[in-house]
Amino acid sequence: MIITLKKEAPQKEVDKLHQYFTDKGLNVNMIQGENYNVFGLVGDTSHLSERDILANEWVENVQRVAAPYKLANRMFHPEDTIVDVGGIKVGAGQKVVIIGGPCSVEGEEQICRIAQEVKECGADMLRGGAYKPRTSPYSFQGLGYEGILDMVEARKQTKMPIVSELMSADKIDEFEENVDLVQIGARNMQNFDLLKACGHISKPILLKRGMSATIEDWIMSAEYIMASGNPNVIFCERGIRTFETYTRNTLDLAVVPIIKEKTHLPIIIDPSHATGDYKLVEAVSLAAIAAGADGLIVEVHDHPASAWSDGAQSLKPDRFQQLIEKARLVAKAVGREL
Ligand code: PEP
Ligand code: MN
């Protein structure tokens, strides 16, 4: 429920109303703007009557929110949320953030080398998986903690914040200590215990869209993280399953304006998992920027043919560099910057 207070409401009356709703067991989010003062009530509001609330002379308007998500809802938070990832701001105005790196960390030498390369191309952050959610149990499962430490070394050498996927809540301390942006992969988007665990840490979360998740399912997963105490969530569209098999997944670019309308959180695009083919990565990346995405997360490998995972969709550094150059032009054309 959204309660808009009159502009001239005295602070004493605002505090009284705040207490009234808190006493009813509701979580009250104060949204204060220059010209408005709004309460966003989270919890069971079914027992509240709009008429009773409107009887208070300082209340201007009462609105029930039909959507099941509250904390993620733009109605509760009209301004864009800017998520700070180790000093890099995601969702800040017209800025586009670029994350690059291999699908998997293959060792310290490999990740430090690629980190240097993506940085020289213009990347803001480094990606690299240490715990890999593979379809086959016989495929490479990731270097685990050793891979996380290799990422930490790459950050030390390049000063870029690092992104890596957390698969299990029992590793949450390891991630909170070492990783700047904690990725929740498509396969775990509805692992609710994992989402709740992410709500208890101080690091921002990159929430990928589940391959069969509706937009509402996805936003509800962000709501889980936020309701558990972590407001710093970035959405990542990485393609969904459709009848089409030519591409690995089908990129749903309409989600960019939809997420921006429905929520106040940033959204980035993963063109690599969305297409599965390095030749398609540039085209969809440029489209994503034109559509208003706050950033890209791109798989980059200097020897894709021998990559331990996802080589077919990985860009070589020279192609990544070319992508960034073209992205800069597209960004400029639509009033954005890279
Ligand atoms: C990945 O980023 O390497 C990955 C496994 O992504 P997704 O969860 O989107 O499949
Ligand atoms: Mn991958």
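We number each residue from 1, following the sequence as shown. When a ligand or atom number is given, it counts from 1 through the structure's own listing order. What's counted below: heavy atoms across the whole structure, side chains too, no hydrogens, waters or symmetry copies.
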>> Between Q322 and D318, do the side chains contain a donor N or O and an acceptor N or O under 3.5 Å apart?
In response: no
>> Closer than 4.0 Å to some heavy atom of C103 - which atoms of ligand 1 meet that?
In response: 3 (O)
> In a check of side-chain contact (heavy atoms from CB on, under 4.5 Å) between P161 and each of L181, D84, I88, which one passes?
Replying inline: I88
> Relative to the ring of W218, is the ring of F235 parallel (under 30°), tilted (30 to 60°) or perpendicular (over 60°)?
Replying inline: perpendicular
> Hey, is E237 close enough to R209 for a salt bridge, meaning N to O under 4.0 Å?
Replying inline: yes
> Can a donor-acceptor pair be found between the side chains of S309 and S104 at a distance below 3.5 Å?
Replying inline: yes
> Out of R187, M189, R238, E299, whose heavy atom sits nearest atom 9 (O) of ligand 1?
Replying inline: R238
>> So, of the N/O/S atoms that H273 has, which is the nearest one to the Mn ion (ligand 2)?
In response: NE2
> Between the side chains of Q141 and R134, is a donor N or O closer than 3.5 angstrom to an acceptor N or O?
Replying inline: no
>> At less than 4.0 angstrom from any non-hydrogen atom of R127, what atoms of ligand 1 do you find?
In response: 1 (C), 2 (O), 3 (O)
>> With carbon and hydrogen excluded and only N/O/S kept, which atom of E299 is nearest the Mn ion (ligand 2)?
In response: OE2
> What's the shortest distance from atom 8 (O) of ligand 1 to any protein heavy atom, and which residue and atom give it?
Replying inline: A186 N, 2.8 Å
>> As an exercise, identify every atom of ligand 1 less than 4.0 angstrom from a heavy atom of G185.
In response: 8 (O)
> Are side-chain N/O atoms of H301 and D310 paired as donor and acceptor at under 3.5 Å?
Replying inline: no
>> Exactly one of V298, D302, V281 should register a side-chain contact (heavy atoms from CB on, under 4.5 Å) with F320. Which one does?
In response: V298
> For atom 6 (O) of ligand 1, what's the nearest protein heavy atom and its distance?
Replying inline: K208 NZ, 2.9 Å
> With a 4.0 Å cut-off on heavy atoms, does K132 reach ligand 1?
Replying inline: yes
> Can you name the N, O or S atom of D310 that is closest to the Mn ion (ligand 2)?
Replying inline: OD2
> How far is atom 4 (C) of ligand 1 from its nearest protein heavy atom, and which residue and atom name does that atom have?
Replying inline: H273 NE2, 3.4 Å
